Protein chains: 2
Amino acid sequence: MVAEAPAPETAAAGSVARIMTVAYELFSRRGVRDVGVNELIERSGVAKATFYRHFPSKDSLVLAFLEQRDKQWTVDAILSEARRRGNTPTERLLAIFDVFGDWFLREDFEACSFINVLLEMGPAHPLGQASIDYLARIRGHVQALAEEAGLQRPDEFARSWHILMKGSIISATEGDMQAAKRAQKMAGWLIEHHR
Amino acid sequence: MVAEAPAPETAAAGSVARIMTVAYELFSRRGVRDVGVNELIERSGVAKATFYRHFPSKDSLVLAFLEQRDKQWTVDAILSEARRRGNTPTERLLAIFDVFGDWFLREDFEACSFINVLLEMGPAHPLGQASIDYLARIRGHVQALAEEAGLQRPDEFARSWHILMKGSIISATEGDMQAAKRAQKMAGWLIEHHR
DNA sequence: ACAACGGGGAAGACCGGTCTGTCTTCCCTT
DNA sequence: AAGGGAAGACAGACCGGTCTTCCCCGTTGT
């Protein structure tokens with residue numbers, strides 16, 4: 001049975017947009033391997049031929065999803081929010097873990113898609129490689145904040161900081177709701193040692 | 001079941017042992033979703049009926065693998081080795097990241113199966129739950145070492161420590177070979193703050 | 001103005017392959 | 001004679017991907 005009849009106006013709007021919306025929802029919540037093309041097209045009310053006209057393969061849709069995730073989650077949801085919450089570069093760095101703390105509490109917390117895809121596909125797979133690239137972008141943002149804060153050896157700083165981010169995400173997936181606070185405490189020490 | 005028949009336990013035990021050996025190899029390297037029953041039985045030279053006589057389902061084999069992984073990797077390869085390398089409880093804690101450093105350099109580095117399965121299956125799936133349990137066991141070992149070292153709030157300590165362990169593993173999967181050193185530095189600060 | 005045309009999308013059959021799991025057949029050993 | 005194991009066919013479901021069919025709608029030619 002069809003979930004819901006696609007409204008005419010949404011049908012008029014781009015099929016690509018609907019596919020991307022559904023893909024973002026399903027991929028971020030359940031991973032990319034667990035979601036098949038048939039489910040994607042059914043839930044976005046699109047014909048299979050239409051899907052394959054816009055995306056040459058499922059993997060290319062996953063690539064588009066990862067890029068969307070970078071914009072929508074990494075940049076808009078996490079980094080912009082952290083920049084908004086802090087007044088100084090140091091505060092903004094630490095605010096990342098405040099945002100994480102709120103994020104971990106969400107009912108529909110879905111972990112980090114880049115880590116998920118990297119571990120699902122392996123670092124050798126093109127999608128794993130793409131995930132590694134996007135994770136490097138995150139590290140780049142942290143490094144930029146470190147440079148704004150005038151910290152020493154910003155590359156090393158960002159790599160250590162990223163360990164705390166990723167470790168806390170895994171701990172939150174296990175159910176530790178205080179993971180962000182713990183990571184933030186260690187993050188504070190890390191800042192001290194890079195001043 | 002039959003209790004009297006002496007049974008060719010060499011054959012039966014041989015089959016189970018061969019299946020477990022192959023499963024450990026393939027599951028730890030490629031994850032559990034990527035390895036099918038057909039490949040498992042082919043590479044262990046066992047009939048399908050034999051496989052399903054000893055394991056009621058693939059998932060039960062995965063559970064057995066996770067238990068084996070806990071014994072063979074967590075306890076024997078990591079924790080015992082760390083205990084061997086350090087002379088004091090504190091040294092032994094820090095030595096975990098020395099062992100990690102060596103492990104990250106291995107050509108066939110395969111990340112942490114518990115994290116892999118947790119993210120592959122999700123925290124709600126029985127196999128994800130089992131992975132969470134085994135990760136908690138790891139934290140228990142760390143907590144025991146913390147208590148031996150007389151550190152304060154050993155539970156909190158172990159949870160923070162575990163963040164460093166998991167984060168460094170993900171970073172190593174991305175290709176950062178120095179991840180263990182970075183985590184070890186932060187781990188040192190963590191010890192200082194729990195004295 | 002109206003009919004013919006044509007393109008895009010929806011629906012879904014279809015293909016070859018995979019998956020887990022069952023069941024049959026035959027052989028080998030005891 | 002009997003039972004376990006190897007081999008593998010088989011079932012039923014799913015996978016990604018191709019292709020056909022039909023329909024709706026806008027354009028165009030007359």
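What you see below is based on every heavy atom in this structure, not just the backbone, and it leaves out hydrogens, waters and symmetry mates. Remember, it's a predicted structure, so these values are computed and weren't measured experimentally. Proteins come first, then strands; the chains are lettered A, B, ... in the order of their sequence lines, and each starts at number 1.
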From CA spacing to verdict: side-chain contact (heavy atoms from CB on, under 4.5 Å), B:E148, B:T88: CA-CA 9 Å; B:E148 287 180 42; B:T88 68; over 6 Å; no

Quickly work out the [X] [atom1] to [N] [atom2] distance and round it to whole Å.
X     : N      : atom1 : atom2 : value
A:R33 : D:dC14 : CZ    : P     : 18 Å
A:I19 : C:dG9  : CD1   : P     : 10 Å
A:L26 : D:dC15 : CG    : P     : 12 Å
B:F51 : C:dT20 : CZ    : C1'   : 10 Å
A:E39 : D:dC15 : CD    : C1'   : 13 Å
B:H54 : C:dG21 : NE2   : P     : 16 Å
B:D34 : C:dT18 : CG    : C1'   : 12 Å
B:E42 : C:dT20 : CD    : C1'   : 16 Å

Under 3.5 Å donor-acceptor pair, A:K58 side-chain atoms to D:dG17 base atoms: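 By the distance-only test, no, there is no pair.
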
[options]: which one has an atom nearest the side-chain heavy atoms of [X]?
X     : options               : result
B:K48 : D:dG8, C:dG12, D:dG4  : D:dG8
A:R18 : C:dA10, C:dG9, D:dG16 : C:dA10
B:A49 : C:dG9, D:dA7, C:dT20  : D:dA7
B:Y52 : C:dT20, C:dA10, D:dG4 : C:dT20

Phosphate-side-chain proximity, B:R53 and D:dG4, N/O vs OP1/OP2 below 4.0 Å: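 B:R53 to D:dG4 OP1/OP2: no side-chain N or O under 4.0 Å.
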
Any A:N38 side-chain N or O less than 4.0 Å from OP1/OP2 of D:dC15: yes

Pairing of A:D108 and A:R29 as salt bridge, 4.0 angstrom limit: yes

Partners passing salt bridge (charged side-chain N to carboxylate O under 4.0 Å, His left out) against B:D155 (at least two apart in sequence or in another chain):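 For B:D155 the salt bridge (charged side-chain N to carboxylate O under 4.0 Å, His left out) partners, ignoring immediate neighbours, are B:R159.
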
Parallel, tilted or perpendicular: rings of A:Y134 and A:F114 (30°, 60°):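 Taking A:Y134 first and then A:F114, their aromatic rings lie parallel (interplane angle under 30°).
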
Mutual orientation of the aromatic rings belonging to A:W161 and A:F97 [parallel < 30°, tilted 30-60°, perpendicular > 60°]: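 Tilted, since the angle between the ring planes falls between 30° and 60°.
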
Linked, directly or transitively: A:M186 and A:M177 (ILVMFWY side chains, under 4.5 Å): no

Donor-acceptor side-chain pairing of B:K166 and A:S171 below 3.5 angstrom: yes

Residues in contact with DNA chain C, drawn from residues 123-130 of chain B - heavy-atom cutoff 4.0 Å: none

